[in-house]
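Worksheet: the structure to be examined is printed underneath.
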Amino acid sequence: MSNSFPWLHWGNPEIFPNQPESKNPNENLEQRLTQSNRPLRIKLGIDPTGTDIHLGHSILFRKLRSFQDAGHTAVVIIGDFTARIGDPTGKSEVRRQLTEEQVAANAETYLKQVRPILDFDTPGRLEVRYNSEWLSKLDLPKTLALLATMTVGQMLAKEGFAERYKQGTAIYLHEFLYPLMQGYDSVAVQADVELGGTDQKFNLAVGRDLQKHFGQTPQFGLLMPILIGTDGVQKMSKSLGNYVGLSEDALSMYSKLEKTPDTLILQYFELLTDLSLDQLPEGARDRQKLLALEIASQYHGREKALEAQKAASELVQGGTSKTDVVPEFSLGSAQFPAKVFYLVSASGLCKTSSDARRQIQGGAVRLDGNKIEQVDLIFESPDDLIGKVLQLGKNKFVRFVP
RNA sequence: GGAUCGGUGCCCGAGUGGUUAAUGGGGGCGGACUGUAAAUCCGCUGGCUACGCCUACGUUGGUUCAAAUCCAACCCGGUCCA
C-alpha cells in the first residue's frame, strides 16, 4: 500500500478491485485518484426506514468526509423507493410500508444527524439524491432486463441468501431485486466509488456489473469494517440495543462509551476518532474516558462533553450533579399525588410501570443518591421533587423540572 | 394443485384438557465484586398509578364447568410429489 493517500486507508477498508502494482485507473483506486482530472463521485446509500443513526453508520460517513476533504463529491442516496416497498432482509415480518411523508421525515432526520460529520457547506462536495427519482421510472421491460443480468445461482451465492436457502427460510423473489436496485443506483448517479460495510460486498459488486452492462466504467467498492456494538459481541444495531445513537444527549453518549469493552477500544479509536493510536494513554480506564470524551465532543462540542464527563463521575458516585447535561423531565405532565414507580416509568427511565416496580424492588432506583425501598412511596406535590435527580442503575438519570 | 410436518412470550425451545402469566436456555435489565470493564455469583424478565384488574400460545369460530392443549375452517412456513 502506498502512502499517497493516508486518508483513504484509515480503518483498513477493503477496496476492490485492488491491484496495487497496476497503473490502470480501473484496477487501482490510488491510480484513479491520481489520474482523474475531475472530482470523483462517491456513493453512499442509506435506507430511511428508521430514524436513528448510530456510531456504526458514522464510520461510513466519516470515510465519506475524508473523500470530501480530498476534494471529491459525496453522493448520498436516500433509498426512499426501496424503503417504500418493504422488507429487504426478509428476516421477520414484512416491514411496514412507509408513506412518502414518513420517508421524507426520516430522510430529514438522517441528514440532520450526519450534519456534524459531513461537509454540507463547501459547494460541490455534497449531493443528496432520492432513488425513487430513477427507480420509480423502471417499467416491466426494463426491470426484466435488469433481472436478466444475473442468474439464480449468482444470487444464491450471496451470503445471506445462501444461509437462508440452506436453513429453509423463505426467500421471496422480489428480494432478488434489491441488490439490482442498489446496483442500478450506481448506474444512475455514475458512481466512481461506493462505500459500504463489509456486508455490502455483494451489492457493490452487482453495481459494478450493472455499470459495465450500461457501458459505464465500473465503480470501486470500498468496504469499511462493521462496528461491534457496546456489548463487545454483536454488530452495533438498534434492535440489539448495543448502540450509541448520534442524536443521543452528551451524557448518555459519554456514559455508554465510557464502558467500552477493552477488546474494542482500539478499534473504536481507529474508526470513530481522528486520534493517533500510538498517542493513547496507558491506563485502560483513561482510554475509555478519552474515547468517550472525544466522541461526545464530535457531536456536542468540547464543552458539553467535558460537562458530561464531570456529571457522569459525580452521579455515579452517588452525588447529585445538577448540570444541564442531565436530561430534564418536566413534572408538568405528571399527576399528583404520584407513586415512585409511576414516576420512574413516566420519566422514561423504564419503559413500563411494571418494569419500574421490578427495578425498584431490585434496588436499582435512587433519588438524589438515596436508594428507594418502597414501590408505593408517594409524593404529594411536584415541589418535593423539583431539582432532584432520579437514577436507574448506574447510567440512566433524569432531573426533575417544573 | 396433492401428501405430510409445523406456527408458543425479545429469540430458541418445553408443554398435548385443570394451582399455566405458561418448564428450560439465550439475550436483556438490575444487584454484589471490579477499573462504571471482563470473568464469576445472585435476582428480575406480559401490561396497568396495581394486595386487584386486563391481555397472551398463527387467525376465526366450536366442544367443555374448564383449552396453548380437543374439533372445524382459514392464513403462513418447511419437505416431498405434480
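From a predicted model like this one, the values you see are computed outputs, not experimental measurements. Per chain, numbering begins at 1; letters A, B, ... match sequence-line order. We use all heavy atoms of the structure for the numbers below, so side chains are in, but hydrogens, waters and symmetry mates are not.
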Counting only Watson-Crick or G-U wobble pairs whose two distances fall under 3.5 Å, which nucleotide matches [N]?
N	result
B:rA37	none
B:rA67	none
B:rC51	none
B:rC57	none
B:rG6	B:rC76
B:rG43	B:rC29

With rounding to whole Å, what would you report as the distance between [N] and [M] at their [atom1] atoms?
N	M	atom1	result
B:rG6	B:rC71	P	12 Å
B:rU23	B:rG30	C1'	24 Å
B:rG9	B:rA21	C1'	9 Å
B:rA68	B:rG13	C1'	14 Å
B:rC80	B:rG43	P	46 Å
B:rG28	B:rU19	P	33 Å
B:rG25	B:rG46	P	15 Å
B:rA73	B:rA3	P	12 Å

- Between the side chains of A:N203 and A:Q182, is a donor N or O closer than 3.5 angstrom to an acceptor N or O? yes

- Under 3.5 Å, is there a donor-acceptor pair linking the side chains of A:D119 and A:T122? yes

- Message: Would you say the rings of A:W7 and A:F67 are close, in the sense that their centroids are separated by under 6.0 Å?
- Response: yes

Please determine whether any donor N or O and acceptor N or O are separated by less than 3.5 Å between the side chain of [X] and the base of [N].
X	N	answer
A:D262	B:rG35	yes
A:R285	B:rA37	no
A:S353	B:rA50	yes

- Note on the structure: Assign each of A:D376 and A:G393 the nucleotide of RNA chain B bearing its closest heavy atom; nearer the 5' end lies the nucleotide of A:G393

- 5'-most contact on RNA chain B: A:R357 or A:A284, nearest heavy atom basis? A:A284

- Contact list for RNA chain B against residues 290-303 of chain A - heavy-atom distance below 4.0 Å: none

- Message: Between P on B:rC48 and NZ on A:K339, what's the gap in Å once rounded to a whole number?
- Response: 14 Å

- Item | side chain to side chain donor-acceptor pair (under 3.5 Å) between A:D185 and A:W134, intermediate numbers included | CA-CA 8 Å; A:D185 287 348; A:W134 48 87; 2.7 Å; yes

- Message: Just to be sure I understand the rule, does A:Q361 reach a base, reach only the sugar-phosphate, or reach nothing, if contact means heavy atoms closer than 4.0 Å?
- Response: nothing

- Task: Please work out if A:E258 contacts a base, only the sugar-phosphate, or nothing of the nucleic acid, heavy-atom cut-off 4.0 Å.
- Result: base

- Between the side chain of A:R208 and the main-chain N/O of A:Q219, is any donor-acceptor distance below 3.5 Å? yes

- Task: Please report the closest heavy-atom contact between A:L204 and A:L222, naming both atoms and the distance.
- Result: CD1-N, 4.0 Å

- Shortest non-hydrogen contact from A:P17 to A:N26? CG-O, 3.5 Å

- So does A:S354 get a side-chain nitrogen or oxygen closer than 4.0 Å to the phosphate oxygens (OP1/OP2) of B:rU45? no

- Below 4.0 Å: OP1/OP2 of B:rC29 and any side-chain N or O of A:R358: no

- Charged N-O contact under 4.0 Å between A:D262 and A:R287: no

